[in-house]
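The structure appears below as structure tokens.
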Amino acid sequence: MINAFQEQRHFEELMQPYRAAIMIVKTKLEIIDQELKFKCEHSPIHNIQSRIKSPQSILDKLERKGISKNFNNIKELNDIAGLRVICQYINDIQYIAQLLVLQDDVIQIKHNNYIQYPKENGYRSLHLIVSVPVYQREGMMQVPVEIQIRTIAMDCWASLEHELAYKTNFVANNDIKQRLKWCADMMAKTDEEMQKVYLELNQPWSCLLYTSPSPRD
């Protein structure tokens with residue numbers, strides 16, 4: 001079975017619906033950003049990154065979940081397709097998430113708010129898992145996509161912490177962990193202050209931004 005995963009052509013065939021789902025969700029996010037830029041003169045999305053899990057990552061994830069390493073079992077995973085959305089300000093995050101999940105063809109599967117409730121190490125981000133319809137020759141299938149939405153500061157800390165914690169061969173002691181968490185807390189305070197400054201400067205021109213989107217009928 002491992003050899004089958006390593007066959008590039010077969011792997012690409014398996015991943016095609018996930019690549020399509022990434023394109024669909026990314027386009028939806030870009031449209032949201034364009035609308036807000038036009039109507040509010042504010043582009044909340046700094047950039048969007050995407051990724052598909054590698055064959056080995058998929059196998060490792062199945063093993064960690066106690067699931068047999070079988071092609072059919074990849075449907076048990078919700079994070080094969082992933083998007084990371086980097087926003088300018090804290091308020092942008094929830095607003096973008098709301099506008100996305102309120103679309104009729106987007107089904108929210110999971111919602112983890114690590115901004116309001118940070119992880120023990122200081123990690124902050126909003127995690128969503130949504131499902132979108134992908135139409136293929138055989139018909140329509142619902143495909144899950146994991147979305148991480150965070151500010152530039154949150155992404156900076158997460159990237160550096162990942163580099164230190166996972167790509168260096170040392171075990172972080174309590175002192176290192178506390179220093180990294182202190183950095184996360186300081187960046188969170190910076191995010192809050194930058195948000196306040198932005199709102200003070202742009203309050204006279206506020207329009208749709210940060211108002212609650214209309215719920216579905």
Next item on the list: Give, for atom CG of L59 and atom CG of N73, the distance between the pair rounded to the nearest 0.5 Å.
Entry: 11.0 Å

Next item on the list: Can you sort out the partners of K26 under side chain to side chain donor-acceptor pair (under 3.5 Å), two or more places apart, ordered by chain and number?
Entry: none

Notebook entry, point to check: Hey, mind stepping through D33 and I48 against side-chain contact (heavy atoms from CB on, under 4.5 Å) and telling me if it holds?
Noted result: CA-CA 11 Å; D33 187 60; I48 302 174; over 6 Å; no

Notebook entry, point to check: Does a side-chain heavy-atom distance below 4.5 Å link E35 with I31?
Noted result: no

Next item on the list: Would you please test L36 and L99 for side-chain contact (heavy atoms from CB on, under 4.5 Å) and show each step?
Entry: CA-CA 11 Å; L36 294 176; L99 289 174; 4.2 Å; yes

Indicate every side-chain donor-acceptor pair of residues 110-119 with a distance under 3.5 Å to a residue at least two apart or in another chain.
| from | atom 1 | to | atom 2 | distance (Å) |
| --- | --- | --- | --- | --- |
| N113 | OD1 | I115 | N | 3.0 |
| N113 | OD1 | Q116 | N | 2.9 |

Notebook entry, point to check: Looking only at atom types and distance, does a side-chain atom of D191 sit under 3.5 Å from a main-chain N or O of I90, one as donor and one as acceptor?
Noted result: no

Margin query: If you count heavy atoms of other groups shown closer than 6.0 angstrom to CE of M23, is the number above 12?
Written below: no

Next item on the list: Please report the closest heavy-atom contact between A153 and M187, naming both atoms and the distance.
Entry: O-SD, 3.4 Å

Note to self: Which residues pass the ring pair (Phe, Tyr, Trp, His ring centres under 6.0 Å) test with Y18, not counting sequence neighbours?
What the structure shows: none

Next item on the list: Spell out, as yes or no, whether a donor-acceptor pair under 3.5 Å connects the side chain of W157 to the backbone of D185.
Entry: no

Note to self: Same cluster or not: W182 versus L180, using hydrophobic residues (I, L, V, M, F, W, Y) connected whenever any side-chain heavy atoms lie under 4.5 Å apart?
What the structure shows: no

Item checked: Verify same cluster id: I176, L164 (apolar side-chain graph, 4.5 Å) -> yes

Margin query: In this structure, would I149 and V101 fall into the same cluster of hydrophobic residues linked by side-chain contacts under 4.5 Å?
Written below: yes

Margin query: Starting from L126, can I reach I152 by hopping between I/L/V/M/F/W/Y residues whose side chains sit under 4.5 Å apart?
Written below: no

For residues 128-145, please give each side-chain donor-acceptor pair under 3.5 Å, one per line with the distance, not counting sequence neighbours.
| from | atom 1 | to | atom 2 | distance (Å) |
| --- | --- | --- | --- | --- |
| S131 | OG | Q142 | OE1 | 2.7 |
| Q136 | NE2 | Q16 | OE1 | 2.2 |

Note to self: Under 3.5 Å, is there a donor on one side chain and an acceptor on the other for H42 and D92?
What the structure shows: yes

Margin query: Is there a path of hydrophobic side-chain contacts, each under 4.5 Å between heavy atoms, that joins I109 and I74?
Written below: no

Item checked: Nearest atoms (heavy-atom pairs only) where E76 meets K65 -> O-CE, 4.2 Å

Checklist line | Distance, nearest 0.5 Å, that separates OG1 of T151 from CD of Q195 | finding: 10.0 Å

Next item on the list: For the residue pair F11 and I58, establish whether any side-chain heavy-atom pair is separated by less than 4.5 Å.
Entry: yes

Note to self: Tell me whether D155 contacts the main-chain N or O of I86 through its side chain, where contact means a donor paired with an acceptor under 3.5 Å.
What the structure shows: no

Margin query: Looking at E120 and K177, is there a salt bridge between them, counting it only when a charged N and a carboxylate O are closer than 4.0 Å?
Written below: no

Margin query: For the CD atom of Q98 and the CD atom of Q103, what is their distance to the nearest 0.5 Å?
Written below: 13.0 Å

Next item on the list: Please round to the nearest 0.5 Å and tell me the distance separating atom CZ of R19 and atom CD1 of I52.
Entry: 5.0 Å

Checklist line | Rounded distance (nearest 0.5 Å) linking atom OG of S125 with atom CZ of R84 | finding: 7.5 Å

Check: Hey, are Q178 and N174 close enough side-chain-wise for a donor-acceptor pair under 3.5 Å?
Finding: no

Next item on the list: Identify, with sequence neighbours excluded, every residue that meets side chain to side chain donor-acceptor pair (under 3.5 Å) alongside Q49.
Entry: N47

Item checked: Gap separating the CG atom of L14 from the NZ atom of K75, nearest 0.5 angstrom -> 10.0 Å

Notebook entry, point to check: So which heavy atom on G122 is nearest to which on A184, and how close?
Noted result: O-CB, 3.4 Å

Check: Any salt bridge between R64 and D60, counting N to O under 4.0 Å?
Finding: no

Check: For D79, what residues pass the side-chain contact (heavy atoms from CB on, under 4.5 Å) criterion, not counting sequence neighbours?
Finding: R51, K53, K61, L77, E146

